[in-house]
2 protein chains.
Amino acid sequence: MYFYKKIRMSGKTTIYDIAKKLNITAATVSRALNNNTKISEATRKLVMETASQMNYKQNKLALALKSGKSNNIGVIVPRIDSNFFATVIRGIEEELHPHGYHVIICQTRDDKNLEIENIDALLNAQVDGILMSISNVSNEQNESFNRILKKNVPLIFFDRKANIDGVSTVTINDFQGAYDATTHLIAQGCKRIAHLSNNRLIEIFRDRYLGYKQAIIDSGLEFDESIVIETISKVEEGRKITKKLLELDNPPDAIFSSSDFTALGAIQEINAQGFKIPQDICVAGFANEPFTKFMELSITSVDQSPLEMGRMAANVFLEQVGGNNGNIKIEKKVVLNPKLLIRESSSKFQLQKII
Amino acid sequence: MYFYKKIRMSGKTTIYDIAKKLNITAATVSRALNNNTKISEATRKLVMETASQMNYKQNKLALALKSGKSNNIGVIVPRIDSNFFATVIRGIEEELHPHGYHVIICQTRDDKNLEIENIDALLNAQVDGILMSISNVSNEQNESFNRILKKNVPLIFFDRKANIDGVSTVTINDFQGAYDATTHLIAQGCKRIAHLSNNRLIEIFRDRYLGYKQAIIDSGLEFDESIVIETISKVEEGRKITKKLLELDNPPDAIFSSSDFTALGAIQEINAQGFKIPQDICVAGFANEPFTKFMELSITSVDQSPLEMGRMAANVFLEQVGGNNGNIKIEKKVVLNPKLLIRESSSKFQLQKII
DNA sequence: TACTTTCGTGTAATCGATTACATAGAAATT
DNA sequence: AATTTCTATGTAATCGATTACACGAAAGTA
C-alpha cells in the first residue's frame, strides 16, 4: 500500500498507466506515441493528450534494453582537468548532443589498471561507443581493446592512439608541428636548439621528437642527442633541466619543448639567470595552453585544435554507427594540421622591428 | 541464422546461456553470481567457472531497469572547458568512481533552454542524481527543478545555486573571499579600490560585490558605486573598462576583479599606460586560474577549491542516497572557505623588502 | 516410522518499453 | 450477397536481469 503510493508519488507514468486509463493496450499506446504503424488519428490524439496530461516521460532505460542502444558513449582520458582534454570533451559533447547521445567521462590518471577497469565498466553499461586517449603503452590493454571490438562497439582514439587494426583515429600531425616550430627557431638564427621531450613510448612525443630532429637535419645544422632530454610535463622539471642546460660549456640558444609547462619552466630559469628572451635564447612550447598567450612575454606554441579534434572524433563515431550495416568496419584516420603560433618568446625579428 | 551468428559473435553471454549450458535455470545462475540466497557450494562454483569461461558480463542496463538504479549521475555545467568546472568534475568523478557511479556531463553554454533540455534528458535516462551549477536565474527552470524533486532524484547545486527548499548546496563563501581580498588591498595602503563585477543576478557575483563593499565600509573608506562596473569575464572587457577607469579625474589605486580574466585585462591596460603594478596600482582577481601563478607578475587571487567542491558535492549525493529511506529529505548546505593567495600583483610590502 | 524443518532449485512475475503476428470489423470488390 | 482487402487494435514474446513464492528431497526430531 505504502509502496504503491510511493511509486505513484515519484511521478512515474508508464505506457501501461496510459493504456489502463484509456482502456486500450500498451502496444497501442506505444504505437501512438511513436507515430509508428497505422493508428487512427482519433486514438493517436487521445493518447498524446493523455500522455502529456499524465506527464508521461519515456523510460530510456527500458528502450535501451529493448533496442540494445543506450545512447551513451564513453570518453576515457588521462585527466579531465587539463585544458586540452576538457576542450576535446567539449567538442565531443557539442557534436553528439544534437544526436541524443550522452557523454560519460572516465579518467585513468595514467593508470593502466584504471584504464582497463573503465573500459570494462563502459562495456557493461552498454555504451554505444568509446572515444579515448590512451594512457600508456603496454600489451595488457590490447586485450581490452579487442574486447571492445569483439562486441562491435565503435572504438575511436584521439590524440594518443594505439595502433590497432580496425580502429579509427583522430590525431594531429605532431611531427609537422614540431618540424614547423623547430624550423621557425632556426629561421630566427638559432643554431643550437635543445629539446625538452617526454616519454617517447607515447607516439605523440616520439613524433614531436622526430619532427624536431628532422628539421635540424634538413637545415644542415648539427644534430646533438645530448641536448634532447626526456622529462615530464611540469613547470619545475622544465626549470631544473634548463638549469643544467645553461650550465653546459656549450649551452643552447633555443629550446623547443614538447610541453608548454616545461617551456614555462625554461623561461623562468632563463630569466632567473639573467639571459634575455628571445634575444639570447628563444623558446617554443607545444599545446597552446591558455597561459601561453596571457604571459607578458607570450610563448610561441603549437596549437592542437582540441575543439576540432573532439568534433572530428564525434563525427567519426557518428559515421561509424550511421552506416552500420553490421559487419562493415570503417577505419578512418583523421590527421589534423597543427598551427604554429609565433609569439614573443621566439620573435627576434618582430621584436627588433618594434624596438 | 545469420542473425544468430551475429549475436553470438558480438560476444554477449547472458545468464540464460549459462543456465542452458548447465541445465539449470537462470534464477539459479543469478543467485549463484550474486552470492545471494543459499546456493550449494557446488553449483556456485560451477556457475562462477562457467561464467568466466563463457566470458559473461552482467548487463547493467537490465539491472538498472529492474532495480530502478542506473548508477549514472548527471553533471550540468555552463561549460566544461573552464579550469574551474573541469576541476570540479574531476573531483566528482574521483569520488563517485569507487562507488560504481558513472558521470554524464552536460553543458548549457549559459542557455536556459539547453539547461531545461538537459535536465529532462537526464531524468528520462533515469539518472540517480543531478549535480549542477545553474546558468541563469529565471523562473522557467524552477519547474524543471521541481520535476527533479518530484521524482525523488537527489539534486545538488554547486557554486552557482538557486535557492530552493530541500536542495543541498556546496558553495564557497564568496562574500568572505571578496572581503578578504579587498581587506588585503586596503592593508596595502590602497584608498580607492575599483571593482570589476559581473551579472549580479547570479548569487556568487552579488556576494563578491557585497563582500567587497562591506570591507570598504568596515575600513572606514568611502564607498563609491561609480567605480563598481558590471561586465563579463573576458580579458578584452577587463582592458576596456580599466582604460575608462584610468581616464577618470580620480582614478583608482587598486582593482578587485570578480574574475581573473578581467583582472588580467586590467593588468595589461595598466602596464600599457605605463603605470607600475603593484606600486601605483594593485590588482587582485578571483578564481585562481592557473595562469595567475604562471605570470611573470603573478596575480593575487582567491582560490575556490574546485577539487574539494566536487568531492563535497559527490559526498553530499552519496549521503543522500545512502540514508535514503524513502521520504527522508536531507538538506545540506556546505560552504567552503575561500583562500586568498597573495601574489606579486598586490604585494607592495614584500616587494619593497625584496628591493 | 511419521512428521517437521531446512536447503537448493524451479516457476513465473516484474522492470517499461517495442514489435511480429493474429484478429475483428469495416470497407471495397466482384 | 459473398469474398477479399484494409485498418486499427489486441496478444504475447522479447531485451537481461532479480526475486517472491512454491515445491521436492534431504535431514532432523519424536
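Sequence lines set the chain letters: A, B, ... in the order given, protein chains first and strands last, and positions in each chain run from 1.
- Among the protein residues, B:L61 comes within range of no part of the nucleic acid, since none of its heavy atoms lies under 4.0 Å from any strand.
- Looking only at side-chain heavy atoms (C-beta outward), A:E331 and A:Q320 stay at 4.5 Å or farther from each other.
- Regarding contacts with the backbone of C:dA17, every side-chain N or O of A:S30 stays at 4.0 angstrom or more from both OP1 and OP2.
- Evaluation of atom-type donor-acceptor distances gives a pair under 3.5 Å for the side chain of B:R31 against the base of C:dG10.
- Partner of A:S135 under the side chain to side chain donor-acceptor pair (under 3.5 Å) criterion, chosen from A:K112, A:R160, A:E115: A:E115.
- Checking D:dT18, C:dT18, D:dG16 against the side-chain heavy atoms of A:K66 singles out C:dT18 as nearest.
- As a whole-Å value, the separation of B:I18 CD1 from D:dT18 P is 11 Å.
- The side-chain heavy atoms of A:V88 and A:L307, taken from C-beta on, include no pair separated by under 4.5 Å.
- You'll find the side chain of A:M132 reaches within 4.5 Å of the side chain of A:L155, heavy atoms only.
- Listed pair B:N34 / D:dT18 meets the phosphate criterion, a side-chain N or O lying under 4.0 Å from OP1 or OP2.
- The distance from atom CD1 of A:I24 to atom P of D:dT7 is 20 Å, rounded to the nearest whole Å.
- If you take CG of A:L33 and C1' of C:dT19, they are 15 Å apart, rounded to a whole angstrom.
- Here the P atom of nucleotide D:dC15 and the CG atom of A:N59 are 18 Å apart, to the nearest Å.
- The NZ atom of A:K12 sits 11 Å away from the C1' atom of C:dC15 (whole-angstrom rounding).
- When the P atom of D:dC15 is taken as reference, atom CG of A:N124 falls 19 Å away, rounded to whole Å.
- Aromatic pair B:F158/B:F84: centroids not less than 6.0 angstrom apart.
- Among the nucleotides D:dG16, D:dT18, C:dG16, the one closest to the side chain of B:L63 is D:dT18.
- Remark on DNA chain C: of its neighbouring residues A:T28 and B:T43, the 5'-side contact belongs to B:T43, judged by nearest-heavy-atom nucleotide.
- Among the nucleotides D:dT11, C:dT18, C:dC15, the one closest to the side chain of B:L65 is C:dC15.
- Residue A:T14 places none of its side-chain N or O atoms closer than 4.0 Å to OP1 or OP2 of C:dG16.
- Mapping A:Y16 and A:T25 onto DNA chain D by nearest heavy atom places A:T25 at the nucleotide closer to the 5' end.
- With rounding to whole Å, A:I15 atom CD1 is found 6 Å from C:dG16 atom C1'.
- For the OP1/OP2 pair of C:dA17 and a distance below 4.0 Å, the side-chain nitrogens and oxygens of A:Y56 include at least one atom meeting the criterion.
- Residues A:S67 and A:A26 each lie close to DNA chain D; by heavy-atom proximity, the contact nearer the 5' end of the strand is made by A:A26.
- Looking at heavy-atom distances under 4.0 Å, B:K69 makes no contact with the nucleic acid at all.
- Listed here is the closest heavy atom pair of B:S70 and B:D128: N-OD1, 3.1 Å.
- In this model, the phosphate group of D:dT18 is approached by a side-chain N or O of B:Q58 to a distance below 4.0 Å at OP1 or OP2.
- Using a 4.0 Å heavy-atom criterion, one finds that B:S40 contacts the sugar-phosphate atoms exclusively.
- Remark: C1' of D:dA17 and CG of B:N71 are 14 Å apart, rounded to the nearest angstrom.
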